Student: 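Pasting a structure here, questions to come.
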Amino acid sequence: MAGSPRRTQTIVKSALWTLTGATILVLVFIVVFILRRGLPEVSWGFLTRHPEAMGVAGGIFPTIVGTLALTLMAILIATPLGVGTAIYLTEYTWEGRLTRVIRFGAECLAGIPSILFGLFGFILFVTKLKLGWSILSGGLTLSFMILPTIIRTSEEAIRSVPAAYREVSASLGCTKWQAVTRVVLPSALPGITTGVILSVGRSIGETAAVIFTAGSALHLPTSVFSSSRTMAVHFYILAREGISMRMAYGTAAVLVVTILFINIVSYYLMHRFIRKYS
Amino acid sequence: MTRLERNDRIIRLALLLVAFSAVSILIVITAFIFSEGTPIMFRHGPGRFLLGLDWYPSEKLFGLLPMIVGSFSVTAGALLVGVPTSLACAVVLTQFASKRTARVLKPVIELLAGIPSVVYGFIGIVVIVPFIRDNLGGPGLSVLAAAIVLGIMILPTVISISVDAFQALPPSYREGSIALGATVWQTVRMVLLPAARSGIVAAVILGMGRAIGETMAVIMIAGNAAAVPTSPLAPVRTLTSNIALEMGYASGEHREALFATGVILFVIIMILNTLANRASARRKV
């Protein structure tokens with residue numbers, strides 16, 4: 001009887017490890033599966049040529065440009081708003097009802113499914129404001145979606161800057177804003193960058209919010225008012241409409257490699273940042 | 001000096017405005033979706049929307065019950081697949097694995113949270129759907145396929161929040177229990193799990209929100225038939241897919257009905273968010 005809890009422990013432990021192993025295996029399988037079938041399709045031509053016959057042949061160049069344009073637009077709008085919010089929350093106010101409302105708003109926004117962002121962007125930007133399916137509509141919609149991530153990561157980054165930095169700059173007679181721009185923000189920059197890079201990854205992978213706001217035109221965008229197809233949307237259309245499995249695998253491989261690369265970079269940056277201040 | 005002080009006051013005001021961006025965006029989104037979606041609900045009566053079984057937009061029949069049932073059945077399946085696995089991972093990562101192993105495994109799981117949902121959907125089409133069709137029968141595009149894929153998709157979310165919940169516990173809980181002679185598993189079951197309960201509940205609710213809100217992956221693998229599913233092998237349409245499938249060509253009342261679908265989805269998500277917020281607020285007290 002005395003040995004029984006130990007035996008239970010051994011059994012449970014191996015069961016839990018099996019489940020953990022299975023999880024890792026499934027996740028690794030997904031990446032390997034896509035890369036093994038997709039990477040052989042990827043070549044310089046695939047990345048730099050235009051698609052032919054709706055994507056049956058040729059490359060994915062316009063979708064890469066579309067992805068970059070849309071992501072850039074979203075980041076340019078969301079970063080100032082997100083970092084500004086984080087500065088206000090950490091430096092210019094104290095915890096109270098106001099900060100609770102702001103945080104609750106950001107949390108709710110983070111929980112809204114991307115399809116609702118798509119629905120909203122479609123009705124406001126595409127139809128009401130008559131921006132049409134465009135990089136501008138898609139970028140605005142995406143920026144709303146990534147705003148909570150940027151707020152949260154910037155806030156954490158700014159909070160982790162030691163209080164002594166602020167005290168010293170105050171003792172030197174700096175105003176709050178001087179302390180923020182010359183001391184706090186430069187120290188928090190790696191942490192803030194991490195959040196921005198994570199949001200880039202999220203924007204690149206997003207489909208539901210983008211397809212209804214940026215449209216799915218396959219030509220090269222010429223201005224922020226042109227409709228544009230991102231890699232994720234292109235991949236979705238290729239796979240769902242069965243246009244070309246080969247091209248779908250190729251696009252998926254480019255997508256997955258890009259996103260893994262971005263996430264690894266941001267993970268590395270974050271760890272260097274954490275180590276510096278702890 | 002006074003100039004600098006005045007500048008500081010202006011900056012504070014500007015930052016306050018910026019700080020309300022997230023809240024204002026939330027309010028604008030809510031206002032738009034409700035103003036587009038609720039009039040048609042009241043014109044036809046909310047009961048016919050929520051409890052109607054027939055979705056034939058061309059005949060002005062907008063019953064959303066099949067999609068509501070669809071969303072919840074797919075989500076329940078996803079929780080069944082995802083939650084036990086996530087908890088197992090969280091326990092292993094925080095209690096059983098060596099620090100070094102945990103340092104390798106945790107980032108691997110977190111990195112995969114970034115994989116786009118279309119990729120999960122694609123894996124569903126080329127691996128899971130054919131497997132179900134060949135081994136269990138039916139069309140393959142089914143509740144089961146969607147539940148499995150969504151169950152996998154919510155893993156990173158639920159794991160990382162549960163791991164945080166375990167790590168937020170004071171180390172003395174674990175140490176005290178081990179010192180009393182309990183095994184690690186006894187400690188987990190009798191001390192740590194109850195103590196971390198509110199955090200784990202928040203993790204599960206957020207995972208649920210993720211599953212209910214997922215769109216592209218579900219469209220690709222669930223079959224999308226607008227009927228109440230009769231078995232796990234039957235095709236199903238969720239609220240999200242209903243919007244995404246028909247948004248491209250809908251107009252007039254049909255489009256309004258899609259916004260009404262959005263309203264229902266929005267209300268469900270807000271309830272879940274509030275519950276998760278409550279659960280994690282309780283932890284801090």
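This structure is a prediction, so every number in the text was calculated from the model and none was measured. Here is how names work: the chains are called A, B, and so on, in the same order as the sequence lines, proteins then strands, and each is numbered from 1.
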Student: Can you name the nearest heavy-atom pair linking B:Pro116 to A:Gly205, along with the distance?
Tutor: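 Minimum heavy-atom separation between B:Pro116 and A:Gly205: CB-O, 3.4 Å.
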Student: Going by atom types only, do A:Glu107 and B:Asn277 share a side-chain donor-acceptor pair under 3.5 Å?
Tutor: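 Their side chains do contain a donor-acceptor pair, which is all the 3.5 Å distance test asks for.
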Student: Find the one option among A:Ile262, A:Asn263, A:Leu255 whose heavy-atom pairs under 4.5 Å with chain B are most numerous.
Tutor: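 Option with the top pair count is A:Asn263.
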Student: Is there a donor-acceptor pair under 3.5 Å between the side chain of A:Gln9 and the backbone N or O of B:Val184?
Tutor: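 Yes, because the side chain of A:Gln9 sits within donor-acceptor range (under 3.5 Å) of the backbone of B:Val184.
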Student: Based on non-hydrogen pairs under 4.5 Å, which of B:Leu272, B:Leu155, B:Leu265 is most in contact with chain A?
Tutor: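 The residue among B:Leu272, B:Leu155, B:Leu265 with the greatest pair count is B:Leu265.
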Student: Against chain A, label B:Leu26 side chain, backbone, both or neither, depending on which of its atoms sit under 4.5 Å from a heavy atom there.
Tutor: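 Both parts, heavy atoms under 4.5 Å.
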Student: Taking side chain as everything from C-beta outward and backbone as N, CA, C, O, which of these in B:Arg189 sits under 4.5 Å from a heavy atom of chain A? Side chain, backbone, both or neither.
Tutor: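 Interface part for B:Arg189: neither.
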Student: For side-chain contact (heavy atoms from CB on, under 4.5 Å), just list the numbers for A:Leu116 and B:Ile29, CA-CA rounded to whole Å, side-chain angles, deciding distance to a tenth of an Å, and then say yes or no.
Tutor: CA-CA 8 Å; A:Leu116 288 184; B:Ile29 292 182; 5.6 Å; no
Student: Do you know which of A:Ile112, A:Val256, A:Leu260 has the most heavy-atom pairs under 4.5 Å to chain B?
Tutor: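 Looking at each option in turn, the highest pair count goes to A:Ile112.
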Student: Please give me the minimum heavy-atom distance between B:Ala88 and A:Leu16, naming the atom from each residue.
Tutor: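 Result for this residue pair: CB-CD2, 3.5 Å.
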Student: Which one wins on heavy-atom pair count under 4.5 Å against chain A: B:Leu16, B:Ile212, B:Ile109?
Tutor: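 Looking at each of B:Leu16, B:Ile212, B:Ile109 in turn, B:Leu16 comes out on top.
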Student: Considering non-hydrogen atoms only, spot the tightest contact between A:Pro80 and B:Val18 and give its length.
Tutor: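 Shortest heavy-atom separation between A:Pro80 and B:Val18 comes out as O-CG1, 4.1 Å.
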Student: Pick whichever of B:Ile269, B:Leu206, B:Thr274 has the most heavy-atom pairs under 4.5 Å with chain A.
Tutor: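 Heavy-atom pairs under 4.5 Å are most numerous for B:Ile269.
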Student: Closest approach of A:Leu119 and B:Leu258, non-hydrogen atoms and distance?
Tutor: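 Shortest heavy-atom separation between A:Leu119 and B:Leu258 comes out as CD2-O, 4.3 Å.
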Student: Do any of residues 214-223 of chain B come closer than 4.5 Å to chain A, heavy atom to heavy atom, and if so which ones, in number order?
Tutor: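 At a heavy-atom separation under 4.5 Å, chain A is reached by B:Thr215, B:Met216, B:Ile219, B:Met220.
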Student: Which of residues 237-249 of chain B get closer than 4.5 angstrom to chain A, counting heavy atoms alone?
Tutor: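 Those residues of residues 237-249 of chain B which have a heavy atom under 4.5 Å from chain A are B:Thr240, B:Ile243, B:Ala244, B:Leu245, B:Met247, B:Gly248.
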Student: Heavy-atom distances under 4.5 Å only: say whether B:Ala14 touches chain A with side chain, backbone, both or neither.
Tutor: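 Looking at B:Ala14, nothing touches chain A.
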Student: Could you tell me which of B:Ile115, B:Val127, B:Ile152, B:Leu111 has the largest number of non-hydrogen atom pairs under 4.5 Å with chain A?
Tutor: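 Max contact count across the listed options: B:Leu111.
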Student: Could you grab the distance from atom CD1 of B:Ile11 to atom CD1 of A:Ile87, nearest 0.5 Å is fine?
Tutor: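 If we round to the nearest 0.5 Å, B:Ile11:CD1 and A:Ile87:CD1 are 10.0 Å apart.
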Student: Decide side-chain contact (heavy atoms from CB on, under 4.5 Å) for B:Val126 and A:Phe33; before the verdict, give the C-alpha distance in whole Å, the side-chain angles of both, and the deciding distance to 0.1 Å.
Tutor: CA-CA 10 Å; B:Val126 293; A:Phe33 184 86; 3.5 Å; yes
Student: Under 4.5 Å, counting heavy-atom pairs only, tell me which of A:Phe122, A:Phe104, A:Trp177 racks up the most with chain B.
Tutor: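 Highest number of heavy-atom pairs under 4.5 Å: A:Trp177.
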Student: Locate the shortest heavy-atom distance separating B:Ala22 from A:Ile151; write the atom from each residue and the value.
Tutor: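 B:Ala22 and A:Ile151 have their closest heavy atoms at CB-CD1, 3.9 Å.
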Student: At what distance, to the nearest 0.5 angstrom, does CZ of B:Phe32 lie from CD1 of A:Ile123?
Tutor: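 B:Phe32 atom CZ to A:Ile123 atom CD1 measures 8.0 Å (nearest 0.5 Å).
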Student: Please determine, among B:Ser117, B:Pro107, B:Gly121, the option with the most heavy-atom pairs under 4.5 Å with chain A.
Tutor: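 Heavy-atom pairs under 4.5 Å are most numerous for B:Pro107.
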Student: ring-ring contact (aromatic ring centres under 6.0 Å, His included), that's the test. Do B:Phe122 and A:Tyr249 meet it? Break it down for me.
Tutor: CA-CA 9 Å; B:Phe122 186 66; A:Tyr249 274 114; 4.9 Å; yes
Student: Could you tell me whether B:Arg12 and A:Glu91 make a salt bridge, using a distance below 4.0 angstrom between a side-chain N and a carboxylate O?
Tutor: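 Salt bridge absent between B:Arg12 and A:Glu91.
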Student: Apply side-chain contact (heavy atoms from CB on, under 4.5 Å) to residues A:Phe120 and B:Val28 and explain how you reach the verdict.
Tutor: CA-CA 9 Å; A:Phe120 161 74; B:Val28 172; 3.7 Å; yes
Student: Measuring heavy-atom distances to chain B, does A:Ile30 have an atom under 4.5 Å in its side chain, in its backbone, in both, or in neither?
Tutor: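 Both parts, backbone and side chain.
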Student: If you count heavy-atom pairs under 4.5 Å between each of B:Asn7, B:Leu105, B:Leu17, B:Thr30 and chain A, which one has the most?
Tutor: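 Looking at each option in turn, the highest pair count goes to B:Leu105.
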Student: Assess the residue pair B:Ser21 and A:Thr85 against the criterion (side-chain contact (heavy atoms from CB on, under 4.5 Å)); give the C-alpha distance rounded to whole Å, side-chain angles, the decisive distance to 0.1 Å, and a yes or no.
Tutor: CA-CA 8 Å; B:Ser21 55; A:Thr85 306; 3.8 Å; yes
